[in-house]
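It should be emphasised that the depicted structure is a prediction, and the values quoted were computed from it without experimental measurement.
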Amino acid sequence: MTPDPATWTEAERTAFYARRESRNRALGILLVSLVVLFFGITVVRMTDQLAAAPAAAATQ
């Protein structure tokens, strides 16, 4: 494959777009996974704080 996209054949262009689409999907999956992970961590931390709050109020 030559560095100049204007001189690519149709097969080279199709292969390039297929690789780019594959990378974009992988990055999208990674991004969504990180969002779900951070959301899950946030929910767990908030649930722990809510569970501890009534116990702290009862001791005062």
Give me each pair satisfying salt bridge (Lys or Arg N to Asp or Glu O under 4.0 Å) with a member in residues 23-43, each pair once, sequence neighbours excluded. E21-R25
Please report, to 0.1 Å, the donor-acceptor pairs under 3.5 Å made by any side chain of residues 28-37, with sequence neighbours excluded.
{"from": "S33", "atom 1": "OG", "to": "I29", "atom 2": "O", "distance (Å)": "2.8"}

Other cluster members, L27 - Ile/Leu/Val/Met/Phe/Trp/Tyr, side-chain contacts below 4.5 Å: none
Measuring from W8:CH2 to T14:OG1, what's the distance to the nearest 0.5 Å? 11.0 Å
Write down the atom of D4, the atom of T7, and the distance for their closest heavy-atom approach. O-OG1, 2.8 Å
Is it the case that the side chain of T42 and the backbone of F38 share a donor-acceptor pair, with hydrogens and angles ignored and the cut-off at 3.5 Å? yes
Is a side-chain donor or acceptor of R13 paired with a backbone partner of P5 at a separation under 3.5 angstrom? yes
